[in-house]
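Sequence positions, counted from 1, serve as the residue numbers for this chain.
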Amino acid sequence: MSSEETSPKSVDDLVMDGKNCKTVMCLHCPSKILAPRNGEYRKVEFSLPEPRRKKVVEGEADSPKEELLSDFWLVEDMYRFENMGFSNSVGNIKYLACADCEMGPIGLYEMDTKRSFVAIARVQHTA
């Protein structure tokens, strides 16, 4: 990690007035995903497939393992993102990935509510 990146002790270090107080960045490249104060903290549970690149590796299992996560940034308007990629529809959701390096999923987009949830554990935060 560079000197600018933070390794928070808890989610409380990332939240001010219920919103993200730091810039949300990709874990795998220098892409900026969300500017401060554009995501609301939500404690909800979603299962996301294990992170990987968009390209499917030959011989890889068809159904990836899932991880249950509970700390998210809620983004009510998809246009608040700096860089975000959206997968094809899977039922009523689309998975979110870094638009630059295509690592993901880092969250999900609910097509019926038009709300996005970015998993705090799958991104990094900078000052």
Side-chain angles (χ1 to χ4, degrees):
M1 276 190 201
S2 74
S3 59
E4 282 186 50
E5 296 170 3
T6 59
S7 210
K9 295 179 180 79
S10 74
V11 172
D12 295 335
D13 297 335
L14 304 173
V15 179
M16 183 181 295
D17 299 326
K19 296 189 179 264
N20 62 307
C21 61
K22 300 183 183 297
T23 301
V24 178
M25 307 283 293
C26 178
L27 276 175
H28 306 281
C29 78
S31 185
K32 181 178 174 182
I33 293 173
L34 191 64
R37 313 231 9 98
N38 281 295
E40 294 179 34
Y41 175 69
R42 289 288 192 267
K43 186 92 171 163
V44 296
E45 288 189 345
F46 290 112
S47 288
L48 295 177
E50 287 183 338
R52 62 181 179 177
R53 288 195 190 279
K54 183 178 172 183
K55 187 187 294 185
V56 177
V57 177
E58 192 172 327
E60 193 172 272
D62 287 340
S63 55
K65 295 178 188 168
E66 294 201 347
E67 178 181 17
L68 182 64
L69 300 165
S70 60
D71 293 311
F72 289 85
W73 296 123
L74 166 64
V75 180
E76 296 277 359
D77 181 354
M78 71 168 63
Y79 295 106
R80 294 211 173 256
F81 287 115
E82 301 288 324
N83 292 295
M84 184 61 72
F86 293 78
S87 74
N88 291 332
S89 300
V90 179
N92 197 36
I93 65 167
K94 292 179 181 259
Y95 290 111
L96 306 176
C98 174
D100 291 331
C101 71
E102 298 183 338
M103 282 298 289
I106 60 171
L108 58 88
Y109 170 77
E110 296 177 325
M111 293 170 47
D112 57 345
T113 65
K114 305 214 181 306
R115 300 186 316 168
S116 299
F117 292 87
V118 178
I120 292 174
R122 296 209 178 164
V123 293
Q124 63 183 339
H125 301 81
T126 62

Open item on the list: Quick check: is I106 connected to I120 through a chain of hydrophobic side chains (ILVMFWY, heavy atoms under 4.5 Å apart)?
Closed with: yes
- [ ] Using side chain to side chain contact (heavy atoms under 4.5 Å, CB included) as the criterion, point out the one residue from R115, K114, M84 that pairs with Y109.
- [x] K114
TODO: Give a yes or no on whether the backbone of Y79 and the side-chain of D77 come within a donor-acceptor separation of less than 3.5 Å.
DONE: yes
TODO: Compare every heavy atom of G104 with every heavy atom of A97, then report the nearest pair and how far apart it is.
DONE: CB-CA, 4.0 Å
Task: Transitive ILVMFWY side-chain link F81 to L108, under 4.5 Å - done: no
Task: Reported OG-to-CG distance for the pair S116 and L74, which is rounded to 0.5 angstrom - done: 8.0 Å
Task: Nearest heavy atoms of G39 and W73, plus distance in Å - done: O-CE3, 3.9 Å
Task: Cluster check V118, Y95: I/L/V/M/F/W/Y, side chain < 4.5 angstrom - done: no
Task: Rounded distance [0.5 Å steps], CG in L68 versus CZ in F46 - done: 10.5 Å
Task: Any L69 side-chain heavy atom under 4.5 Å of R122 side chain - done: yes
Task: Separation of L14 CG from Q124 CD (nearest 0.5 Å) - done: 11.5 Å
Open item on the list: Ignoring hydrogens, what is the shortest heavy-atom contact between T23 and P36? Give both atom names and the distance.
Closed with: OG1-CD, 3.5 Å
Task: Side chain proximity check, N88 to K94, heavy atoms < 4.5 angstrom - done: no
TODO: Could you tell me whether the side chain of M25 reaches within less than 4.5 Å of the side chain of V123, counting heavy atoms only?
DONE: no
Open item on the list: Are V24 and V15 connected into the same hydrophobic cluster when the rule is that any two of I, L, V, M, F, W, Y join if their side-chain heavy atoms are below 4.5 Å apart?
Closed with: yes
Task: Atom of D100, atom of C29 and distance for their closest heavy-atom approach - done: CB-SG, 4.1 Å
TODO: Considering non-hydrogen atoms only, spot the tightest contact between K22 and N20 and give its length.
DONE: O-ND2, 3.0 Å
Task: Separation of M103 CE from L27 CG (nearest 0.5 Å) - done: 8.5 Å
Open item on the list: So which atom in L96 and which in F117 form the shortest heavy-atom distance, rounded to 0.1 Å?
Closed with: CD1-O, 3.7 Å
Task: Atom pair CD1 (I93) and OG (S87), whose distance is rounded to the nearest 0.5 Å - done: 7.0 Å
Open item on the list: Are the side chains of N83 and C98 in contact, using a 4.5 Å heavy-atom criterion?
Closed with: no
Task: Whether over 12 other heavy atoms sit under 6.0 Å from M16 CE - done: no
Open item on the list: I need the E40 CD to R37 CZ distance, nearest 0.5 Å.
Closed with: 9.5 Å
TODO: Evaluate the side-chain proximity of N92 to M111: yes if any heavy-atom separation is below 4.5 Å, no if none is.
DONE: yes
